[in-house]
Amino acid sequence: MGFSGSDAGGFHWEGFESGAPSQQHPPKPKKPRKAIKSPVARVAVNLLVTLLVGFIYFYFELPALNLQAPDFYVFALLMCGVYCLSAVITSGFQGEGASHYFKFVKKQCKIPMILALVLVALALVGSLVGSVIFRAKSYSELLPVEVGDFAAEVDEISYDQIPMLDKNSAERLGDRKLGELSDMVSQFEVVDDYTQINYKGRPVRVATLMYADLIKWFTNRGDGLPAYILIDMVTQSVELVRLQEGIKYTNAEHLGRNLYRHLRFHFPTYMFSTPVMEVNEEGTPYWICPRIVKTIGLFGGVDVQGAVLVNAITGQCEYCEEVPSWVDNLYPAGLIVQQYDYYGMYHNGFFNSIFGQRDVTVTTDDYNYLALGDDVWVYTGVTSTGGDQSNIGFLLTNQRTKESKFYSCAGATEQSAMASANGELQNLRYQATFPLLLNVGGQPTYFMAMKDAAELVKKYAMVNVQQYQIVATGDTVAQCEQNYLAMLSQNGLVDGDAGLSGTETAEGTIAEIRSAVLDGNTVYFIRLTGSDIFYSVSAVDQTMAVILNVGDQVTITYHPGEESILGGVEIEKR
């Protein structure tokens with residue numbers, strides 16, 4: 001029996017059976033977008049919008065307008081995209097779907113699209129041409145390395161040239177110094193980038209101040225930063241150098257006096273490494289801004305070509321192909337290490353660095369700085385790629401000239417030497433700083449300051465590079481060296497008559513003796529007749545000092561300096 005809605009008295013929807021459309025209002029047609037009728041006006045508006053967005057992006061992101069700078073491609077592609085988007089809006093696009101959109105953009109934005117494709121192709125080809133796979137030899141030649149004789153070429157350094165502090169300890173001292181100054185501590189902070197330089201013949205670290213916050217910047221920027229911090233790495237003395245006119249050009253600025261912005265608007269095509277603060281011999285602060293160039297392909301072979309020197313007070317800029325002799329930090333330490341790694345990895349070709357690995361070497365995990373003459377040299381160990389715990393030698397590179405010397409010397413890595421020094425004083429729980437490499441008695445020697453948990457230097461340690469079981473410690477550098485030379489003599493590595501480095505002698509009659517207990521040890525301060533200088537002698541090191549009296553004839557061996565109290569090493573009664 002059939003069933004229908006009419007037979008059952010059900011509802012009847014007209015048009016249901018015939019499939020007629022429902023009685024609904026049809027959608028309203030989209031209102032057409034109005035286009036700017038004049039083609040010239042459209043192009044002008046598009047360009048104006050693009051330039052406005054480009055200026056804002058350029059002002060804040062500061063890309064170098066240089067085909068060798070990766071951030072330039074981001075900037076250029078962004079400008080092409082902005083122009084295309086503006087063209088879509090000003091032309092009143094009416095199409096639907098992706099295909100219509102693409103055809104429309106292609107018609108309206110032909111030039112920027114072609115430019116974008118050219119830039120992408122140029123970047124890809126430039127990267128390929130500069131690839132280390134094809135240019136391994138060029139990468140290995142970035143750092144010319146000479147082989148040197150350590151004992152003959154590296155003099156035994158005097159103690160007024162040895163940095164006793166590492167960066168962390170310098171930061172602690174700098175922060176503590178600023179905290180003592182009530183007129184500055186609430187307004188300023190010390191930046192955490194302490195640059196090591198040679199200043200008036202002494203190794204120091206220098207750091208500028210920064211505004212404590214945005215409000216402090218707004219209220220103090222008119223006068224600038226009033227001082228910079230200078231830390232003597234030998235005596236550990238901290239000086240806050242107040243300036244007659246404040247530092248106005250720093251990374252702490254937010255607008256036109258921001259150092260990076262100042263550089264970019266003066267040198268729009270230059271690429272720069274991270275600027276570092278230095279002071280010239282007159283104490284004027286400068287920013288040293290190394291100019292970066294790419295020497296292999298389009299993006300490879302990073303090197304330094306001169307620097308821009310920016311007066312931190314006046315903002316005056318000067319580009320120098322050859323920097324003045326007072327500049328110490330032209331070549332960044334990280335770049336030097338990277339270039340040596342290229343040399344060690346690729347001097348026998350790219351595929352040898354992966355498969356055969358014949359004579360493949362790399363630098364160790366860290367580096368340090370050494371003051372030699374009037375320059376700062378970067379020191380790092382060199383080891384094989386096998387992952388063993390020994391060095392095959394070490395590298396010294398001049399940060400101003402990039403002169404590099406490799407010294408062959410098989411021995412312990414820096415980390416192994418630090419572990420040996422820590423083990424020697426494990427009952428005190430002191431920790432060794434990353435070592436310096438010194439020539440002591442003609443022997444390559446790791447020198448380390450031993451710090452407590454408060455980052456204060458308490459003792460010193462010397463570890464022989466070739467025989468790192470030879471470890472000497474002392475409360476003073478002189479005592480440490482004396483103990484170390486005695487151990488070298490016991491092991492037949494030096495003549496028993498080897499003298500202490502950088503010392504002089506004074507003879508005379510004792511005119512005055514004073515004593516004080518320092519760090520639990522009795523120290524005697526002895527002044528000779530006719531002199532205002534006191535010589536400090538520890539009773540732990542020189543028991544002779546305990547029985548000396550005024551009027552005794554003595555010979556004192558000491559480390560020279562300009563202070564009124566000089567460190568005595570030995571004292572003999574005549």
Side-chain angles (χ1 to χ4, degrees), residues 55 58-73 75 142-144 191 193 195-199 206-208 224-225 228 243 245-253 255-336 338-339 374-376 378 397-404:
F55 177 79
F58 183 82
Y59 186 84
F60 288 101
E61 295 299 324
L62 304 172
L65 304 182
N66 190 317
L67 289 174
Q68 292 186 325
D71 53 357
F72 169 75
Y73 292 84
F75 175 62
L142 286 171
L143 184 70
V191 298
D193 187 15
T195 307
Q196 183 166 326
I197 63 173
N198 276 359
Y199 179 60
V206 60
T208 185
L225 300 169
Y228 60 85
L243 300 166
E245 186 177 352
I247 295 174
K248 296 182 173 64
Y249 293 84
T250 71
N251 301 334
E253 285 286 340
L255 298 176
R257 293 192 328 214
N258 178 274
L259 178 61
Y260 291 106
R261 191 164 291 116
H262 186 67
L263 284 170
R264 179 57 62 230
F265 279 92
H266 278 79
F267 302 92
T269 62
Y270 283 14
M271 297 177 290
F272 293 101
S273 178
T274 303
V276 294
M277 167 69 76
E278 293 199 31
V279 294
N280 63 11
E281 294 302 307
E282 289 74 39
T284 303
Y286 277 85
W287 290 103
I288 311 303
C289 312
R291 180 190 176 189
I292 293 295
V293 294
K294 310 291 181 67
T295 61
I296 303 174
L298 198 58
F299 304 117
V302 177
D303 208 351
V304 171
Q305 182 180 319
V308 173
L309 276 57
V310 181
N311 187 307
I313 298 173
T314 65
Q316 181 180 358
C317 301
E318 180 185 4
Y319 173 67
C320 302
E321 285 277 358
E322 294 186 6
V323 296
S325 59
W326 60 264
V327 173
D328 293 314
N329 289 267
L330 178 61
Y331 290 88
L335 178 63
I336 292 170
Q338 181 188 63
Q339 289 189 350
D374 193 34
D375 291 317
V376 174
V378 175
T397 301
N398 189 311
Q399 279 198 276
R400 181 171 59 86
T401 65
K402 208 172 78 166
E403 176 188 356
S404 299

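Sequence positions, counted from 1, serve as the residue numbers for this chain.
Taking each heavy atom of Met277 and Ala312 in turn, the nearest pair found is CE-CB, 4.4 Å. Across Pro332 and Val304, no two heavy atoms sit closer than the pair CD-CG2, 4.0 Å. Taking every heavy atom of both residues into account, Ala333 and Gln399 meet most closely at N-NE2, 3.7 Å. Annotation for Ser325 and Asp375: closest pair O-OD1, 4.4 Å, computed over non-hydrogen atoms. Closest heavy-atom contact between Ala307 and Ile288: CB-CG2, 4.3 Å. Summarising the geometry of His262 relative to Cys317, their closest heavy-atom pair is NE2-SG, 3.4 Å, with the distance given to 0.1 Å.
Between Phe267 and Phe272, the angle of the ring planes goes over 60°, which puts this pair in the perpendicular group of the 30/60° scheme. Using cut-offs of 30° and 60° on the angle between ring planes, the pair Phe58 and Phe265 is perpendicular.
Between the Gln68 side chain and the Thr295 main chain, no donor and acceptor come within less than 3.5 Å of each other. A donor-acceptor distance shorter than 3.5 angstrom exists from the side chain of Arg261 to the backbone of Tyr59, with no hydrogens or angles considered. Asn66 contributes no side-chain N or O that, together with a main-chain N or O of Tyr270, makes up a donor-acceptor pair within less than 3.5 Å. Glu278 places a side-chain N or O within donor-acceptor distance of the main-chain N or O of Asp328, the cut-off being under 3.5 Å. Of the possible polar contacts, none joining the Arg400 side chain to the Tyr331 backbone as a donor-acceptor pair under 3.5 Å is found. Without hydrogens or angle criteria, Asp303 side chain to Val293 main chain gives no donor-acceptor distance under 3.5 Å.
To the nearest 0.5 angstrom, Asn398 atom CG is 6.0 Å from Glu403 atom CD. For the atom pair Thr269 OG1 and Phe72 CZ, the distance stands at 11.0 Å (nearest 0.5 Å). The CG atom of Leu335 lies 6.0 Å from the CD1 atom of Ile292; values are rounded to the nearest 0.5 Å. How far CZ of Arg257 is from CG of Leu259: 12.5 Å, rounded to the nearest 0.5 Å. Between the OG1 atom in Thr274 and the CG atom in Asn329 there is a gap of 11.5 Å [rounded to 0.5 Å]. Note that CG of Leu330 is 12.5 Å distant from CZ of Arg291, once rounded to the nearest 0.5 Å.
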> Run the side chain to side chain contact (heavy atoms under 4.5 Å, CB included) check on Lys294 and Val302 step by step: do they pass?
Replying inline: CA-CA 5 Å; Lys294 310 291 181 67; Val302 177; 3.7 Å; yes
>> Using the rule given for side chain to side chain contact (heavy atoms under 4.5 Å, CB included), can you reason through Leu225 versus Thr250, listing the C-alpha separation, both sets of side-chain angles and the distance that settles it, and then say yes or no?
In response: CA-CA 9 Å; Leu225 300 169; Thr250 71; 3.6 Å; yes
> Where do Glu61 and Phe75 land on the side chain to side chain contact (heavy atoms under 4.5 Å, CB included) test, with the steps shown first?
Replying inline: CA-CA 9 Å; Glu61 295 299 324; Phe75 175 62; over 6 Å; no
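Sorted by first and then second residue, the ring-ring contact (aromatic ring centres under 6.0 Å, His included) pairs involving residues 292-317 (not counting sequence neighbours) are Tyr73-Phe299.
No side-chain heavy atom of Val310 sits under 4.5 Å from any side-chain heavy atom of Tyr286. Cys320 is not listed as a side-chain neighbour of Val327, based on a closest heavy-atom distance of 4.5 Å or more. Looking at heavy atoms from C-beta onward, Lys402 lies in side-chain contact with Leu143 at the 4.5 angstrom threshold.
Applying the side chain to side chain contact (heavy atoms under 4.5 Å, CB included) rule to Val279 yields the partners Ile197, Tyr199, Val206, Tyr228, Pro285; only residues at least two apart in sequence or on another chain are considered.
Within 6.0 Å of CD in Glu281 there are more than 12 heavy atoms belonging to other residues, nucleotides or ligands. When the shell of 6.0 Å around CD of Gln316 is examined, it contains 12 or fewer heavy atoms from other residues, nucleotides or ligands.
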